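Accompanying notes for the structure given below.
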Amino acid sequence: MSTQPRPAFAGASVLVLVLGSAAVGCRSAAEPGSRRVVGIIDNGGTGITPLVVPDTVYVQVPFLATVTTFGGACDHPDGADVSTRGLLTDVTPYDLLPSPETICIALLRASPRSIALTFAAPGTAVVRLHGRSFGGGDVTLQRVVVVRP
């Protein structure tokens, strides 16, 4: 019994089919059924810092804080709530999750975003980041920033 040789393009066809299916499965998270949730700031052991701010800033000069949330391949950053009172700023990031029936590649993805912050007075300020852990519990991280006149 002889076997027929496989055409050279057969392996490539399977790869295109798999990649094409993944692309169709990971549609835009803004579609009906998507959900806006407080972002996961538990880095899952990746070593990526969820909250990065400068050590020193200046009064009334905007500076950037980098906030990173963690999720799946089809999760997308969706802004943040920022509240500043004196020398305390609270940041809560949000992510947009696809509808539950969406098929996505199972991988942990970091989604950084930059947020402009400003302090109105000199002193020692605190930036608090509020989010969730992978287990669903609440997590708060904080960084100290020196605000110079």
Side-chain angles (χ1 to χ4, degrees), residues 9 11-149:
F9 63 86
S13 298
V14 171
L15 179 61
V16 169
L17 180 61
V18 168
L19 291 177
S21 298
V24 170
C26 194
R27 301 169 299 195
S28 168
E31 292 183 13
S34 61
R35 300 168 290 144
R36 187 176 197 236
V37 298
V38 172
I40 293 174
I41 60 172
D42 171 356
N43 69 11
T46 63
I48 298 170
T49 304
L51 175 60
V52 177
V53 295
D55 293 334
T56 304
V57 299
Y58 294 91
V59 170
Q60 297 294 352
V61 177
F63 65 94
L64 292 179
T66 301
V67 171
T68 302
T69 56
F70 302 87
C74 294
D75 300 354
H76 297 283
D78 194 35
D81 287 341
V82 178
S83 171
T84 300
R85 291 174 311 282
L87 292 171
L88 175 65
T89 294
D90 289 294
V91 178
T92 304
Y94 292 91
D95 288 329
L96 200 56
L97 305 182
S99 63
E101 62 273 359
T102 301
I103 299 170
C104 292
I105 299 169
L107 61 86
L108 178 61
R109 182 175 82 167
S111 297
R113 69 211 70 183
S114 294
I115 299 171
L117 303 175
T118 306
F119 289 109
T124 302
V126 174
V127 177
R128 292 191 304 204
L129 178 62
H130 304 281
R132 296 180 300 132
S133 70
F134 282 105
D138 294 336
V139 176
T140 299
L141 304 174
Q142 68 179 36
R143 299 289 181 264
V144 173
V145 178
V146 175
V147 184
R148 297 191 186 250

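Here the structure is a predicted model, which is why all the values come from computation and not from measurement. The analysis underlying the following values was restricted to heavy atoms, covering all of them including side chains, and did not include hydrogens, waters or symmetry mates.
Closest approach of I41 to P50, counting heavy atoms only: O-CG, 3.0 Å. Shortest non-hydrogen contact noted between V59 and P149 is CG2-CA, 3.9 Å. Nearest heavy-atom pair across P112 and T66 is CB-CG2, 4.2 Å. For the residue pair P100 and G33, the shortest heavy atom distance occurs at CD-O, 4.3 Å. For A65 against L117, the heavy-atom pair with the smallest separation is CB-CD1, 3.7 Å. A pairwise comparison of heavy atoms in L51 and V53 identifies CD1-CG1, 4.0 Å as the closest pair.
For D78, the salt bridge (Lys or Arg N to Asp or Glu O under 4.0 Å) partners at least two apart in sequence or on another chain are R36. Residues that satisfy the salt bridge (Lys or Arg N to Asp or Glu O under 4.0 Å) test with R128, not counting sequence neighbours, are D90. The salt bridge (Lys or Arg N to Asp or Glu O under 4.0 Å) test applied to R143 returns no partner, not counting sequence neighbours. When the side-chain contact (heavy atoms from CB on, under 4.5 Å) test is applied to R113, the partners found at least two apart in sequence or on another chain are V67, T69, P77, P93, D95, S111, I115. The side-chain contact (heavy atoms from CB on, under 4.5 Å) test applied to L64 returns S114, A116, not counting sequence neighbours. Remark: I48 pairs with T46, T68, F70, A110 by the side-chain contact (heavy atoms from CB on, under 4.5 Å) rule, at least two apart or across chains. For T124, the side-chain contact (heavy atoms from CB on, under 4.5 Å) partners at least two apart in sequence or on another chain are V144. For Y94, there are no ring-ring contact (aromatic ring centres under 6.0 Å, His included) partners two or more places apart in sequence or in a different chain.
For residues 44-60, the set of pairs meeting the salt bridge (charged side-chain N to carboxylate O under 4.0 Å, His left out) definition, not counting sequence neighbours, is empty. Counting only residues at least two apart or in different chains, ring-ring contact (aromatic ring centres under 6.0 Å, His included) contacts with residues 121-149 are absent. For residues 65-74, no residue pair satisfies the salt bridge (charged side-chain N to carboxylate O under 4.0 Å, His left out) rule, not counting sequence neighbours. Among pairs with a residue in residues 104-129, those fulfilling ring-ring contact (aromatic ring centres under 6.0 Å, His included) read F63-F119, at least two apart in sequence or across chains.
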Could you check D42 against R132 for side chain to side chain contact (heavy atoms under 4.5 Å, CB included), going step by step and ending with a plain yes or no?
CA-CA 7 Å; D42 171 356; R132 296 180 300 132; over 6 Å; no
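Between T118 and T84 there is no side-chain heavy-atom pair separated by less than 4.5 Å.
From L97, atom CG reaches atom CZ of R35 across 5.0 Å, with rounding to the nearest 0.5 Å. To the nearest 0.5 angstrom, L96 atom CG is 11.0 Å from C74 atom SG.
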